[in-house]
Number of protein chains: 2
Amino acid sequence: MATYKTRAQFVADDLRGRILGGEFKGGTQLRQDALAKDYDVSRIPVREALLTLESEGLVEFHAHRGAFTTELSVAKIRELFDLRVLLETYVLRHAINGLTDTDLKKAEDILLKYDQALNSGGDIDNWSEYNFAFHQALYAPAELPETLSLISQLNTKSDRYIRMQLVYTQEIEKAEQEHHGLLELARQGDADKACELLKTHIQEACEGIVALLEERAKQPETS
Amino acid sequence: MATYKTRAQFVADDLRGRILGGEFKGGTQLRQDALAKDYDVSRIPVREALLTLESEGLVEFHAHRGAFTTELSVAKIRELFDLRVLLETYVLRHAINGLTDTDLKKAEDILLKYDQALNSGGDIDNWSEYNFAFHQALYAPAELPETLSLISQLNTKSDRYIRMQLVYTQEIEKAEQEHHGLLELARQGDADKACELLKTHIQEACEGIVALLEERAKQPETS
DNA sequence: AATTCGCATACTGTATACAAACTGCAATGA
DNA sequence: TCATTGCAGTTTGTATACAGTATGCGAATT
């Protein structure tokens with residue numbers, strides 16, 4: 001049992017959170033020395049953490065110039081969401097017949113828990129995790145670990161932009177309603193309708209993000 | 001232009017080749033010290049190389065026990081090939097209408113070059129690269145870099161097993177014929193038929209590998 | 001005045017050195 | 001006899017130290 005965590009892993013996890021949380025804008029250089037001081041470790045685990053994040057697509061290494069946070073073009077964002085549609089409808093279709101009552105209960109619990117958090121005082125920081133947990137709960141019975149891993153990758157890459165959208169719009173309620181709808185269709189075992197809803201669910205999120213980015217592009221600096 | 005390569009990258013590239021080439025059987029421990037001596041570098045770039053390979057799914061880290069080469073179950077191999085079918089038919093469909101004469105010429109050149117190599121004295125070491133280059137040439141016009149990257153990941157993970165199959169069977173000629181057929185259908189712009197052929201092309205390779213693995217499982221030790 | 005060259009600076013990439021953790025075996029005790 | 005504990009040896013994970021490369025500014029040249 002690997003309950004132990006290396007410093008490199010700790011730095012990677014925390015730094016991922018900071019990047020996804022928007023602390024660093026796209027293209028900013030991440031100086032190893034500074035990060036090492038931040039975490040009170042040497043530069044070695046910092047480098048290893050940055051390498052991990054590179055493989056996740058969150059930073060890019062430039063030779064002898066270190067790591068920079070990545071910024072995705074609108075085209076790439078569209079591509080990522082198209083891939084999510086392709087892969088997530090694929091697993092949902094495979095999972096939906098194998099969904100047991102326990103699975104459905106689990107998904108519902110996550111959903112209700114999130115409903116509560118939303119009503120009480122909605123902090124968005126945790127939303128990504130809730131959202132991902134709910135989707136994974138529906139996908140779990142498919143027993144396609146490699147596929148889920150790819151989906152997880154895609155989510156990580158697009159996560160920053162999803163959060164950005166949530167901050168500036170009131171999309172959460174709509175997404176939440178769609179989640180309830182998705183759960184109901186899954187319960188009924190209606191694969192076609194469920195996949196259709198999932199597809200529009202993802203696509204509309206994408207369009208919202210793209211619209212926001214293009215809006216921003218018109219007003220380059222609002223500071 | 002980053003024509004420069006760090007030692008860590010060099011080690012990663014070479015070590016990947018060795019793993020895919022079958023030098024290490026599944027589950028063998030890769031000791032950092034030994035590798036460092038092999039490449040005449042310190043353990044730092046070796047560790048970074050291993051981290052890169054971990055993100056590619058070729059090795060796994062166990063806390064304080066180092067990196068071990070991974071071994072895929074039959075179920076995971078099947079899953080990887082199913083994903084390849086899903087993603088590769090997806091890009092091919094997107095690419096096929098945009099294929100220019102130059103693109104087709106490029107794919108054909110790769111194919112002919114490989115035909116020659118096969119006739120003259122077929123060494124399989126390069127086959128993976130040829131194969132991948134041909135497929136990528138057909139997919140290029142889709143202009144879906146993220147998707148191609150995922151496909152590349154899947155190919156890397158399954159590469160060892162493809163090579164294994166090629167060593168023990170005479171599947172290369174058949175694959176080569178299918179490649180020619182694929183090129184012809186692409187030239188005609190027949191997306192449906194091309195995707196169908198691609199699908200069976202991938203699926204049959206998968207079945208060949210699974211059959212070989214199950215054959216092996218019956219005769220655990222042939223040394 | 002504009003451009004190019006050279007140097008100083010800062011940061012990365014890697015080697016070396018050290019500390020902590022895991023493994024295996026032997027000795028002890030029930 | 002079998003399980004448990006402690007120790008030695010080995011290997012990893014990380015800190016420190018050093019070498020090499022990119023960037024920016026100023027001087028020299030046209």
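For clarity, every value in this text was computed on a predicted model and none was experimentally measured. Each chain gets a letter, A, B and so on, in the order the sequences are listed, and its residues count up from 1.
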- Item | Any residue of residues 44-58 of chain A with a heavy atom less than 4.0 Å from an atom of DNA chain D | A/I44, A/P45
- Message: Ignoring hydrogens, what is the shortest heavy-atom contact between A/H135 and A/H179? Give both atom names and the distance.
- Response: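 Heavy atoms of A/H135 and A/H179 come nearest at NE2-NE2, 3.2 Å.
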- So which heavy atom on A/K157 is nearest to which on A/E56, and how close?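 In terms of heavy atoms, the two residues are closest at CG-O, 3.4 Å.
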Grab the [atom1]-[atom2] distance between [X] and [N] for me, whole Å please.
| X | N | atom1 | atom2 | value |
| --- | --- | --- | --- | --- |
| A/E60 | C/dT12 | CD | C1' | 17 Å |
| A/L35 | D/dA15 | CG | P | 14 Å |
| A/R31 | C/dA10 | CZ | P | 11 Å |
| B/Q32 | C/dA21 | CD | C1' | 13 Å |
| B/R43 | D/dA17 | CZ | C1' | 16 Å |
| A/F10 | D/dG13 | CZ | P | 18 Å |
| B/K37 | C/dT16 | NZ | C1' | 14 Å |
| B/K5 | C/dG13 | NZ | C1' | 16 Å |

State which of [options] makes the closest approach to the side chain of [X].
| X | options | answer |
| --- | --- | --- |
| A/R65 | D/dT23, C/dT14, D/dG13 | D/dT23 |
| A/Q29 | D/dA15, C/dC11, D/dG13 | C/dC11 |
| B/A8 | D/dA15, C/dT14, C/dT12 | C/dT14 |
| B/H64 | D/dA22, C/dC22, C/dT12 | C/dC22 |

- Message: Quick check: on DNA chain D, is the nucleotide nearest A/D40 upstream (toward 5') of the one nearest B/G66, or the reverse? Name the residue that is more 5'.
- Response: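 Here B/G66 is the residue nearer the 5' end.
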- Item | Residue list, side-chain hydrogen bond (donor to acceptor under 3.5 Å, both in side chains) with A/Q136, at least two apart or on another chain | none
- Item | Among A/T156, A/I162, A/D159, the one residue meeting side-chain contact (heavy atoms from CB on, under 4.5 Å) with A/S128 | A/D159
- Please test B/E207 against B/R78 for salt bridge (charged side-chain N to carboxylate O under 4.0 Å, His left out), starting from the C-alpha separation and ending with a verdict. CA-CA 8 Å; B/E207 288 313 315; B/R78 279 224 160 85; 3.2 Å; yes
- Item | Pair A/T69, A/R18: side-chain N/O donor-acceptor within cut-off below 3.5 Å |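 Looking only at side-chain atoms, A/R18 and A/T69 do not form any donor-acceptor pair under 3.5 Å.
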- Can you find a side-chain donor-acceptor pair between B/S152 and B/N155 that sits under 3.5 Å? no
